[in-house]
Structures are given as structure tokens and as C-alpha cells.
Amino acid sequence: MKKKTISILCSLALLSVLGGCRQETASQDNVSQTGSQTESENDTEAGKDPEVSAEDAVSSPEPSPEATDAPADTGSKTGDDTSGTDVSADSQTGASALSLSADPSSAVPQSVLEWEGLTLTADYWDPDTLTVHFSAENSSDSPLTIQVVSCWVNDAMQTPDFSLSVDAGQSAQGSMSFSQEDFSNSGISQAGTIGFTPVVLNGTDYTTLYTGQPVSLDTGLSGNPSVPDGQLLADQDGIRISFTGTADNSMPGTDFLLCIENHSGGDLTFEAADTLVNGTAVNPLFSATVTDGKYAVSPLSLFSDELEDLQINEIQSLTFSIRVLDPTDYHTIRTLENLTPSVF
């Protein structure tokens, strides 16, 4: 009887132990499932895919649709926007300052224009031929032409010869050449800085599509501004006009060289008016646009054919006025009257 009782007690104890093991195993399974579910939920809340590996989890995220769909800012087609080429402000023109070597073997090309698939690069400056060499690439679907406006060298306004046409999907090279005569008239011994504003034209009808930012190229050569001396004709409101000499022109005729200094606070255009030679009205050719802070030496040109028709065999006196215009709409700001060079 005692043996039977002991056997029964042992069986009950064994069943109790087995029951506890099953409960503990079930509890551990529940904890494991709950922990896995919680970890998955936490991953989901953190923006992670539960199936992604550790390496994938630390990889760079893809850009948002807003970042990939936003169009690039290419600048205004009217020229009012100044996006595109980076600038470091010139004190008066706002031109970017870029170094351009006079040695083609060591020159570092400088980007001066980037616009809708068109790039223009200044390669180097040739002081012997007074030429800036350029390269252009046009990855757009249209033929384009590049020209420049508001060009100056050492603070003296210049009118270089430059027009570079680039077919769609093509590249091209070109050069911007200056006149030695213009350099001499302007008091330029060598070019230290060359400034200009690039303009993009439609290659078919030559309408203006875009006006870029002003650019200033530093050649590394000494070239300080040297305003030519002359007879002062007018000095008013930041505008100085001097007569610096005469020269023959190819029309044929005679050029009266006028040096115009503009420190008025804005860009200005100048035109001749009310011109008299020996007291007789004539129609000379004269127009100059001068950027603020710069100067220009431009010819007031008289033509031999007109003087002969007026029976003027010798120029004994010259009197004229200069109209000062706003270059944006060409309205007259003021008129400087009765300017008379005393060289006769």
C-alpha cells in the first residue's frame, strides 16, 4: 500500500513539472512573437522595411519627388534674372572676377556663360593679337549665336569684333578681337582686365533670348586705367566730356575724339545734336553707351561728301550738343549744350 501511494505521488509530481514546462514554453513563445511584432512595428514607424538588411538600412535615401521634379533655374530670357554664372561683385559693374592667363600652355579655361545647354568658356588671352579665345558647346535642339555687350578694357569701353554661332548639338571655337587703334585712343598700353556681358541670340532670326551676367577676366598683366588728357568741354552731374584730338576716318572724313567719363551712378547713352561746322548745320555720326564708373573715347565723325555738298572746304569751327539718354528706354535725361573744341 505504501509503495502504491508513493508511486501515485511521484506521478502527480511529474505531471506538475511537465505542465509547468509547457506553460513556460508557451510564455516564451508569446514573448518572442510579441517582441518580433513590436520590432516590426517600430521599424515600420521608423520608415524601414522589416525585410531590409543592415547594409540597406544605412544606405542613402532616394530623393523626394519634389527634389527630382523641380526644374533647374536657367535664368530669365529677358535678361532681368541674373542666375547662371556665379559672380563676385565688381564694385560698379557687378562683374565676376575670373583669372585668364596670357599663356595658352598654362591657361585654365574659365566658364563665362551657362544657359539651357549652352556653355561659353574663355580659353586664354593673346596680347600680341589683342584677342580672347573662346570655346562653346550647344547641347540644345536649336542653333544659337553668342555676342557681347557693354565691353570694357581697363575701365575703357571698347567695341570688339565677336560673334560665335553654334549649331544644335555641336561645339565651336571663336575669338573676340580688339582694335589697336581703339586701345591707343583710349590710353590702353596692355589689357589687365577685360569685361563684358554675354548675350544669346536665336541662331535663325537673331532675336535676343538671354542676357547673361557681367564677366571680368583678369589677364595677370599690368593695365591700370589711364584716361587720356584733353580739353575739358563739360563737367556736370558726374559726367565729364573732353576733346582729345582728331583722326581721319575711312568714309572718308574727320573724326573728333571725345572722351566721356561716366560717374553719374547709372549707365548712360550719349548722342550728338545741333552740330554746326563753320556755322552750318551738319549731320555727324556719334553715339556711345558708357557703363557707370567707366569711360569711352568715341569719334564724332564728319563726312567729306556732306561738307563738300555744303561747300565747306575747311573746318574752321565746330559746335555741338550732347544728349544724355537712359539706355533702357532712350528718353533724354539732359542736354549738354554748345560744346566747342578750341583747336582751330
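Just so we're clear, the structure is a prediction, and the values are computed from it rather than from any experiment. What you see below is based on every heavy atom in this structure, not just the backbone, and it leaves out hydrogens, waters and symmetry mates.
- Side-chain contact between P228 and Y295 is present, with at least one heavy-atom pair separated by less than 4.5 Å.
- By the neighbour-count criterion of 12 heavy atoms within 6.0 Å, atom CD of E261 is densely surrounded, having more than that number from other residues, nucleotides or ligands.
- Hydrophobic clustering of Ile, Leu, Val, Met, Phe, Trp and Tyr side chains at less than 4.5 Å, counting indirect connections, unites M157 with F243.
- Counting heavy atoms from C-beta on, the side chains of L232 and R240 come closer than 4.5 Å.
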**Report entry** side-chain contact (heavy atoms from CB on, under 4.5 Å) assessment of L307 paired with V282
**Finding:** CA-CA 8 Å; L307 298 181; V282 298; 4.2 Å; yes

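- Residues passing the side chain to side chain donor-acceptor pair (under 3.5 Å) test with D126 are T129, sequence neighbours excluded.
- A heavy-atom distance below 4.5 Å is found between the side chains of L285 and F303.
- Inspection of the Q190 and S222 side chains reveals an N or O donor paired with an N or O acceptor under 3.5 Å.
- Atoms CG and NE2, on L268 and H263 in that order, are 11.5 Å from each other to the nearest 0.5 Å.
- Nearest approach of S140 to L144, heavy atoms of both residues: OG-CD1, 3.8 Å.
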Query raised in the report: Taking it one step at a time, do Y210 and I146 satisfy side-chain contact (heavy atoms from CB on, under 4.5 Å)?
Result: CA-CA 10 Å; Y210 175 73; I146 308 169; over 6 Å; no

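- Here the side chains of T289 and T269 are in contact, with some heavy-atom distance below 4.5 Å.
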Donor-acceptor contacts, no H, no angles, side chain residues 159-171, under 3.5 Å, sequence neighbours left out:
from	atom 1	to	atom 2	distance (Å)
S163	OG	Q147	NE2	3.2
S165	OG	T145	OG1	3.1

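- L221 and F183 fall within the same hydrophobic cluster, defined by Ile, Leu, Val, Met, Phe, Trp and Tyr side-chain heavy atoms under 4.5 Å apart, directly or through other members.
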Query raised in the report: Where do T340 and T319 land on the side chain to side chain donor-acceptor pair (under 3.5 Å) test, with the steps shown first?
Result: CA-CA 5 Å; T340 304; T319 301; 3.3 Å; yes

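- Under the rule for a ring pair (Phe, Tyr, Trp, His ring centres under 6.0 Å), F270 has no partner lying at least two apart in sequence or in another chain.
- Looking only at atom types and distance, the side chain of S111 has no donor-acceptor partner in the side chain of T121 under 3.5 Å away.
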Query raised in the report: Given the rule in the side-chain contact (heavy atoms from CB on, under 4.5 Å) test, do N283 and T275 qualify, once you have shown the distances and angles that lead to the verdict?
Result: CA-CA 7 Å; N283 297 298; T275 304; over 6 Å; no

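- For the residue pair S135 / D123, a side-chain donor-acceptor distance below 3.5 Å is found, with atom types taken as modelled.
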Report task. Determine, step by step, whether I315 and L302 satisfy the side-chain contact (heavy atoms from CB on, under 4.5 Å) criterion, reporting the C-alpha distance in whole Å, the side-chain angles of both residues, the deciding distance to 0.1 Å, and the verdict. Result -> CA-CA 10 Å; I315 301 175; L302 302 176; 3.8 Å; yes

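- Here the straight-line distance linking atom CD of Q158 with atom NZ of K294 works out to 12.0 Å at 0.5 Å rounding.
- Cluster partners of L201, by chain and number: V149, V199, Y206. The rule joins Ile, Leu, Val, Met, Phe, Trp and Tyr whenever side-chain heavy atoms lie under 4.5 Å apart.
- With contacts defined as side-chain heavy-atom distances shorter than 4.5 Å, the pair S175/F134 does not qualify.
- Counting only distance, with no hydrogens or angles, the side chain of S264 and the backbone of G266 share a donor-acceptor pair below 3.5 Å.
- Residues that satisfy the salt bridge (charged side-chain N to carboxylate O under 4.0 Å, His left out) test with E271, not counting sequence neighbours, are absent from this structure.
- By the 4.5 Å heavy-atom criterion applied to side chains, W152 and I194 are not counted as neighbours.
- No single ILVMFWY cluster, assembled from side-chain heavy atoms under 4.5 Å apart, contains both V297 and L339.
- Tracing side-chain contacts under 4.5 Å through hydrophobic residues (I, L, V, M, F, W, Y), one reaches L258 starting from L318; they form part of the same cluster.
- Under the rule for a side-chain contact (heavy atoms from CB on, under 4.5 Å), the partners of T204 that lie at least two apart in sequence or sit in another chain are P143, N202.
- Here the closest heavy-atom approach between residue L310 and residue A281 is recorded as CD1-O, 3.7 Å.
- The side chain to side chain donor-acceptor pair (under 3.5 Å) check on N154 picks up nothing, with sequence neighbours excluded.
- Between the side chain of Q173 and the backbone N or O of H133 there is no donor-acceptor pair closer than 3.5 Å.
- Distance check: T131 OG1 to Y124 OH gives 8.5 Å after rounding to the nearest 0.5 Å.
- Every salt bridge (charged side-chain N to carboxylate O under 4.0 Å, His left out) that D237 has, sequence neighbours left out, goes to R334.
- At distances below 3.5 Å, at least one donor-acceptor pair connects side-chain atoms of T219 with backbone N or O atoms of G192.
- Residues L217 and V132 come closest through the heavy atom pair CD1-CG1, 4.2 Å.
- The side-chain contact (heavy atoms from CB on, under 4.5 Å) search around P299 returns D255, L257, S301, not counting sequence neighbours.
- Linking ILVMFWY residues whenever their side-chain heavy atoms come closer than 4.5 Å, directly or via other members, places I188 and L130 in the same cluster.
- Under 3.5 Å, the side chains of T280 and N278 contain no donor-acceptor pair of N or O atoms.
- Residues L276 and F320 fail the side-chain proximity criterion, which asks for heavy atoms closer than 4.5 Å.
- Residues A272 and I322 come closest through the heavy atom pair CA-CD1, 4.1 Å.
- Considering only residues two or more places apart in sequence or on other chains, D329 meets the side-chain contact (heavy atoms from CB on, under 4.5 Å) condition with D326, H331.
- Side-chain atoms of Q231 and S342 include a donor-acceptor pair closer than 3.5 Å.
- When all heavy atoms of G265 and D292 are compared, the pair lying nearest together is N-OD1, 3.0 Å.
- Aromatic ring pairs are classed by plane angle as parallel below 30°, tilted from 30° to 60° and perpendicular above 60°; the pair W125 and F178 is perpendicular.
- Here the straight-line distance linking atom OG of S142 with atom CG of L118 works out to 11.0 Å at 0.5 Å rounding.
- A pairwise comparison of heavy atoms in N262 and D267 identifies ND2-CA, 4.0 Å as the closest pair.
- For residues 296-319, no residue pair satisfies the salt bridge (Lys or Arg N to Asp or Glu O under 4.0 Å) rule, not counting sequence neighbours.
- Under the side-chain contact (heavy atoms from CB on, under 4.5 Å) criterion, T332 pairs with R323, L325, T335, sequence neighbours left out.
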